2 protein chains.
Amino acid sequence: MGDMQFKSSVETTLKVVGGKWKPVILCHLTEGIKRFSELKRDMPDITQKMLTQQLRELEDDGIIDRKVYTQVPPKVEYSLTEYGATIKEVLDVMSVWGLKHQQKIQSSAPR
Amino acid sequence: MGDMQFKSSVETTLKVVGGKWKPVILCHLTEGIKRFSELKRDMPDITQKMLTQQLRELEDDGIIDRKVYTQVPPKVEYSLTEYGATIKEVLDVMSVWGLKHQQKIQSSAPR
DNA sequence: CCGTATCCGATAAGATACTG
DNA sequence: CAGTATCTTATCGGATACGG
């Protein structure tokens, strides 16, 4: 773990799943294919701009797939790519540790 | 994975190991006890201010231990706590995925 | 419906100087 | 040696308006 490669590969992962919204988006997409409007409904606090931006970045990283139906009104579906699904185990490990940490904080900072 | 708890626990983990410097600091501390100046030498690009700040946050989160030797010149040693060592497996998983992702990017974006 | 474009505030991070 | 204090800059995220 003490090497240089380690540092930059962790940073790479943080770029892909870090930030305020990407974990949440990925979380929802693990439930299956979602339309843009569905994702927006699932995350009432995200702005359209941020949702679009984060989805584009995930798409560029090959994590999600974007399927556009050329029709009026437009319809766009997002889903995890096969490759993107591999990020789930990373998120799972992060979730498990974070949950334990939350509980630790709870028990050590009462009052 | 589709629940609310998941979202916030991933965010908790990102708070603790996220950001530009914390993974790097933790990486170096897995090698053993380090003095402030050693850490600074290991990370030439970090400023003293950032190093101090990040170390304080890690200490507040119970990840690292700070031992001050009251002497002149001062000596302060940092080390992972037993609890802090549990973050290693999270970083490892992130590192493995990030490394694969780097290789994927390499092979799919030549030119 | 699914975006893009602009502008703006908040926060993260860096440069530099100074101190017990 | 191991920090603080202050100031500046860069990046992230949000609000709002508009467009195909």
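Please read all numbers here as calculations on a predicted model, not as lab measurements. Each chain gets a letter, A, B and so on, in the order the sequences are listed, and its residues count up from 1.
Rounded to an integer number of Å, the gap from CE of B:Met50 to P of C:dG14 is 6 Å. We find that CD of A:Gln54 is positioned 18 Å from P of C:dC2, with the value rounded to whole Å. When rounded to the nearest whole Å, the span between NZ of B:Lys40 and P of D:dC1 equals 12 Å. The separation between A:Leu55 atom CG and C:dC1 atom P is 16 Å, rounded to whole Å. What separates CD of A:Glu77 from C1' of C:dG3 is a distance of 16 Å, to the nearest Å. A straight line from CD of A:Gln48 to P of C:dT4 spans 10 Å, rounded to a whole angstrom. Separating the NZ atom of B:Lys34 from the C1' atom of D:dC1 is a distance of 17 Å, rounded to the nearest angstrom. To the nearest angstrom, P of C:dA12 lies 8 Å from CD of B:Glu57.
Side-chain contact check for A:Leu39 versus A:Leu29: some heavy-atom pair is nearer than 4.5 Å. Here the side chains of A:Asp92 and B:Phe6 are in contact, with some heavy-atom distance below 4.5 Å. In this structure the side chain of A:Glu59 never reaches within 4.5 angstrom of the side chain of A:Leu55, judged on heavy atoms. Side-chain contact between B:Leu80 and B:Asp65: absent, with no pair of heavy atoms (C-beta onward) separated by less than 4.5 Å.
For A:Lys49 and C:dG3, a side-chain-to-base donor-acceptor distance below 3.5 Å is absent, hydrogens and geometry of angles not being considered.
Set against D:dG3, D:dA2, C:dG3, the side chain of B:Tyr78 has D:dG3 as its closest nucleotide. When each of D:dA2, C:dG14, C:dG3 is scored by its nearest atom to the side-chain atoms of A:Thr52, the top-ranked nucleotide is C:dG3. The side chain of B:Thr47 sits closest to C:dA15 out of C:dA15, D:dG3, C:dG3.
For the atom pair CG of A:Leu51 and CE of A:Met43, the computed distance is 5.0 Å after rounding to the nearest 0.5 Å. If you take CG on B:Leu99 and NZ on B:Lys104, they are separated by 14.5 Å, rounding to the nearest 0.5 Å.
Applying the 4.0 Å criterion to OP1 and OP2 of C:dC2, one finds that A:Arg56 has every side-chain N and O outside that range. The phosphate of C:dC2 (OP1 or OP2) has a side-chain N or O of A:Arg35 nearer than 4.0 angstrom. Considering only side-chain N and O atoms, A:Arg41 lies nowhere under 4.0 angstrom from the phosphate OP1 or OP2 of C:dC2.
Applying the ring pair (Phe, Tyr, Trp, His ring centres under 6.0 Å) test to pairs two or more places apart or on separate chains, those with a residue in residues 84-104 of chain B are A:Tyr83-B:Trp97, A:Tyr83-B:His101, B:Trp97-B:His101.
With sequence neighbours left out, the side chain to side chain contact (heavy atoms under 4.5 Å, CB included) criterion links B:Lys75 to B:Arg35, B:Tyr69, B:Gln71, B:Glu77. Remark: B:Val72 engages no residue in a side chain to side chain contact (heavy atoms under 4.5 Å, CB included) (not counting sequence neighbours).
Residues from residues 12-21 of chain A placing a heavy atom under 4.0 Å of any atom in DNA chain D, listed by number, are A:Gly19, A:Lys20, A:Trp21.
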Listed pairs under 3.5 Å, donor-acceptor, residues 12-25 of chain B side chains, sequence neighbours left out:
residue, atom, partner, partner atom, Å
B:Thr12, OG1, A:Gln102, NE2, 2.8
B:Thr12, OG1, B:Ser8, O, 2.9
B:Thr13, OG1, A:Met94, O, 2.6
B:Thr13, OG1, A:Gly98, N, 3.1
B:Thr13, OG1, B:Ser9, O, 3.3
B:Lys22, NZ, B:Lys15, O, 3.4
B:Lys22, NZ, B:Glu57, OE1, 2.7

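Residue order along DNA chain C, read from the 5' end via each residue's closest nucleotide, puts A:Pro74 first among A:Gln53 and A:Pro74.
A rotation axis mapping the C1' atoms of four pairs onto the next four is fitted at both ends of the helix from C:dC1-D:dG20 to C:dG20-D:dC1 over five pairs, and the angle between these axes is 50° to 10 degrees.
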